[in-house]
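To keep things clear, I will list the structure first and then write my remarks on it.
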Amino acid sequence: MSESSVFEKLRVLAERGLDPYVSAYRFEVTARAEDIKVKYSSLAPGDETNDVVSVAGRIWHVRSHGGITFIDLYDETGRIQVVVRRDVVEGNPKMGFLMEVIDKGDIIGVRGRVIRTRRGEISVLAEDVELLAITWRPIPFHEFGVRDPEQRYRERYLDIMLNSKVRKAIVNLYRLEMEMRRILDSKGFIEVHTPKLQPIYGGALAKPFVTKVNALDRVVYLSIAPETYLKRLIVAGLYKVYEIAVCFRNEDIDATHYPEFVQLEAYQAFADWNDMMALTEELIAESVKSVYGDYEVEVDVEGSTKVLDFTRPWRRINLEDAIEDVLKTRVKGRSKEELLEIARSLGVEVRDPRRGKILEKLFEKLVVPSIVNPTFVTLFPRDISPLARPYRHDPGYAERFELYIAGLEIANGYSELNNPLLQYHFFKEEEELRRMAGLDVEAHPMDRDYVRALEYGMPPTGGVGIGLYRLIMVLSGLPSIKDVIPFTITTPEHVELVVENGYEMVRRYLGG
RNA sequence: GGGCCCGUAGCUCAGCCUGGUAGAGCGGCGGGCUUUUAACCCGUAGGUCCCGGGUUCGAAUCCCGGCGGGCCCGCCA
């Protein structure tokens, strides 16, 4: 469809009363592509049924052979072939004309009988076709879809339309979320919404977005995490709560970070980190099984196939042992200065003054890239975990774990700190850190209301946050988090529109 | 914040190093074809070489600046 001929096409359609923007307001759909293929899978080549179905979707390819035309029609489930045969539609006066004008990219509804062609393709043998909308712009229907990365992100509807990996990621994330909701619901969790506009940001260490509530003339922050609010609900006596929360963090964008992302955060009273690791295993393993049909998932990563095994129980390693395994030298008990020296010898610069941060950096550099199957990493340093409870056997550590899959951090959880005295002390430590290190280092702000809530008494509680975009990235084999987010920010551009040249046609649709 | 790379037809790209009439495939358009699968066959049109400036007899090509985009490093999940 060339741009200049769109208006000509609409003009000739209008002459016959077939302009879809005048005549087509709805179409009764009775079947979907995938359902038809499943239902009639036993049909033999050349067989024809008398079962009439109505399907609708977009035309991807047209193969016209004169007296017979094959159309690849895509609905939300996939492809179905439509066969238009001259001898079948001869008695339908509009069909000859319609077949002349419809193009790939147009959206049509088809009513016809289900058949299997001689070559074995389950198809709808059209008796009637309705043009429901046209494409005003050419659509690149070829094997690779939109390849220019700029156009992929600017016109994401094209990428989602044409790139099945991206489309499946969006659909499968929905399915995973629904399955996780089902599991949590069966355990008595309730789903809540916590504020996205917050007077004090917290629950993570990150730069916030700053905005203003006009009604109160007050500066507020977009939520970087729902954590402190969900734990206030634990104090309030809602002992099993979760939220699938959009989080906003004003940090740089790369393959695994985006300023808005979605986490499932769950908190359970009377539970500890071991319970939360078990819950994390169940939520992810069972939802993966349900959506992908198996605990083992084959993932295509840029041409080569990798297998991720979600079979429970997952491997557990502790952070310092894992570093020592690779480094072949002791890190436990070493001073900050010694650790810094080791880091420097590996080319890892650490500006953050906390000892634990050096260990975390070493871990990320030495251990994380080699992790493939789901692995819990336990016993994080206490000084970089201000909301976690100290390890019951050694207060130098926190009862905190992270989950890694395919070299990516997917989840983070701990035995929640419920002691207001320690929480206040840790917030003070963070304030001190910020004062010393300046704005370069993220520190958790003092939140006096949160400490007050703890002063009323919070039961022992376990919590976990699961990064859903990263999870679906890993499961889909997509290399960038932007690939699984339906729409991302692009710099404004001037958009040339086809319709700018057709203003005189407006009257046709509005009268007057 | 630092570094590297890319921008040519609707799409995917070649041409650039070494300056000399703008190229291919796919798609589009016209024609043919009653069992195709990115159909096939014949014919045909299509370009502000991202923008601006400079060097040159001459710039898609060399130089400078800008715009847009991607990747890597640092920081955040």
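In the text below, chain A, chain B and the rest are named by the order of the sequence lines, each starting its count at 1.
Distance CG (Asp252(A)) to C1' (C73(B)): 11 Å, rounded to an integer number of Å. Note: CD1 (Ile358(A)) to P (C75(B)) measures 12 Å, nearest angstrom. Ile68(A) places its CD1 atom 6 Å from the P atom of U35(B), with the value rounded to the nearest Å. One can place CZ of Phe209(A) at 12 Å from C1' of C76(B), the figure rounded to the nearest angstrom. In this structure, Asp352(A) atom CG and G74(B) atom P are separated by 15 Å, rounded to whole Å. With rounding to whole Å, Trp60(A) atom CH2 is found 17 Å from C11(B) atom P. Put simply, CZ on Arg152(A) is 15 Å from P on G69(B), counting in whole angstrom units. We find that CD of Glu150(A) is positioned 12 Å from P of C71(B), with the value rounded to whole Å.
Among the atoms of the strands shown, none is found under 4.0 Å from any heavy atom of Gln263(A).
Applying the 3.5 Å distance criterion, the base of U35(B) shares no donor-acceptor pair with the side chain of Arg63(A). Put simply, the side chain of Asp254(A) and the base of C76(B) share a donor and an acceptor less than 3.5 Å apart.
Taking atom C1' on both nucleotides, G28(B) is separated from C4(B) by 38 Å, rounded to a whole Å. Comparing the P positions of G23(B) and C16(B) gives a spacing of 14 Å, expressed to the nearest Å. Taking the P atoms as reference points, G32(B) lies 36 Å from A22(B), given to the whole Å. Comparing the C1' positions of C11(B) and G66(B) gives an interatomic distance of 28 Å, to the nearest angstrom. Spacing of P atoms, U37(B) relative to C41(B), comes out at 12 Å, to the nearest Å. Taking atom P in both G70(B) and C64(B), one finds a spacing of 24 Å when rounded to whole Å. Comparing the C1' positions of C50(B) and C33(B) gives a spacing of 43 Å, expressed to the nearest Å. For A24(B) and G46(B), the P atoms lie 13 Å apart once the distance is rounded to whole Å.
Near RNA chain B, meaning a heavy atom under 4.0 Å from it, residues 363-385 of chain A has no residue at all.
Taking the side chain to side chain donor-acceptor pair (under 3.5 Å) definition, one finds that Tyr40(A) meets it with Asp51(A), sequence neighbours left out. Legend: residues meeting side-chain contact (heavy atoms from CB on, under 4.5 Å) with Asp383(A), ordered by chain and number and at least two apart, are Arg354(A), Arg355(A), Pro381(A). By the side-chain contact (heavy atoms from CB on, under 4.5 Å) test, Ile200(A) is found to be paired with Pro445(A), Asp447(A), residues two or more places apart in sequence or in another chain being considered.
Note on Lys361(A): a side-chain N or O is less than 4.0 Å away from OP1 or OP2 of C75(B). The phosphate of G69(B) has OP1 or OP2 within less than 4.0 Å of a side-chain N or O from Arg154(A).
Counting only N and O atoms by type, the side chains of Asn373(A) and Arg315(A) include no donor and acceptor under 3.5 Å apart. For the residue pair Glu416(A) / Thr461(A), no side-chain donor-acceptor distance below 3.5 Å is found, with atom types taken as modelled.
Side chain of Lys357(A), nearest nucleotide from G70(B), C76(B), A38(B): C76(B). When the nucleotides G69(B), U37(B), A38(B) are ranked by their closest atom to the side chain of Thr490(A), G69(B) comes out on top.
Residues Asp75(A) and Ala31(A) share a closest heavy-atom pair of OD2-O, 4.4 Å.
Residues Glu251(A) and Ile489(A) both approach RNA chain B. Their nearest nucleotides, taken by heavy-atom distance, put Ile489(A) toward the 5′ side. Taking for each of Arg86(A) and Gln151(A) the nucleotide of RNA chain B with the nearest heavy atom, the 5'-most of the two is the partner of Gln151(A).
Across all strands shown, G19(B) remains unpaired; no Watson-Crick or G-U wobble contact has both distances below 3.5 Å. Look at C4(B): its Watson-Crick or wobble partner, with both distances under 3.5 angstrom, is G70(B).
Pairs engaging residues 351-377 of chain A under the ring-ring contact (aromatic ring centres under 6.0 Å, His included) rule: Trp314(A)-Phe376(A), Phe363(A)-Tyr404(A), Phe376(A)-Phe401(A) [sequence neighbours left out].
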Distance-only donor-acceptor hits, side chain of residues 60-69 of chain A, under 3.5 Å, sequence neighbours excluded:
residue  : atom : partner  : partner atom : Å
Arg63(A) : NH1  : Asp72(A) : OD2          : 2.9
Arg63(A) : NH2  : Asp72(A) : OD1          : 3.1
Arg63(A) : NH2  : Gln81(A) : OE1          : 2.9

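A donor-acceptor pair under 3.5 Å links the side-chain atoms of Asp106(A) to the main chain of Asp103(A), judged by distance alone.
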